[in-house]
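What follows is a short report on a single structure.
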Amino acid sequence: MLFDFKALLNLDEIIGKRLVTVFYYAGAAASAISVLVMFIAGIAKVAGGHVLAGLGLVLFCAPIGLLMLILLRILCELFVCAYEHCGKD
């Protein structure tokens, strides 16, 4: 199970790593949605007559999404390192 509500209420264990995992999945989903929105906006710009702006959005939406995922992964890795470091005595 990804998230145990019993452990959350009892404070028996640290759930930070699980929260980081949930945060990563939510951020990846938000990144995918934003790439889709950029792609659709680019197609709409091309249809509206702004060809260069639309092609720019269509061509660069995937690299921007990949960059967002890489930065999200780095941020989540830093949080996991912080949880592991704080857990040591």
Should side-chain heavy atoms under 4.5 Å link Ile, Leu, Val, Met, Phe, Trp and Tyr, which residues sit in the same cluster as Leu67?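 Leu67 shares its hydrophobic cluster with Leu71.
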
Apply the hydrophobic cluster definition, ILVMFWY joined by side-chain contacts under 4.5 Å directly or through others, and give me every member besides Leu66. Ile70, Ile74, Leu78

Closest approach of Ser31 and Gly65, non-hydrogen atoms and distance? OG-O, 3.5 Å

Nearest heavy-atom pair of Phe23 and Leu72: which atoms, and what distance? CE2-CD1, 3.7 Å

Mind checking the CD1-NZ spacing from Ile40 to Lys45? Nearest 0.5 Å is all I need.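 Ile40 CD1 to Lys45 NZ: 14.5 Å, rounded to 0.5 Å.
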
Assigning hydrophobic clusters by single linkage (Ile, Leu, Val, Met, Phe, Trp, Tyr; side-chain heavy-atom cutoff under 4.5 Å), is Met38 placed with Leu55? no

Hydrophobic cluster identity match, Val35 and Ile33, side-chain contacts under 4.5 Å: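 Val35 and Ile33: separate clusters.
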
Val20: which residues meet the side chain to side chain contact (heavy atoms under 4.5 Å, CB included) condition with it, sequence neighbours left out?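 Per chain and number, Val20 pairs via side chain to side chain contact (heavy atoms under 4.5 Å, CB included) with Cys76, Phe79, Val80, Tyr83.
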
Trace of the side-chain contact (heavy atoms from CB on, under 4.5 Å) decision for Leu57 with Phe39: CA-CA 6 Å; Leu57 276 174; Phe39 184 78; over 6 Å; no

With side-chain contact (heavy atoms from CB on, under 4.5 Å) as the test, would you mind laying out the steps for Val58 and Ile43 before giving the verdict? CA-CA 7 Å; Val58 168; Ile43 291 173; 4.2 Å; yes

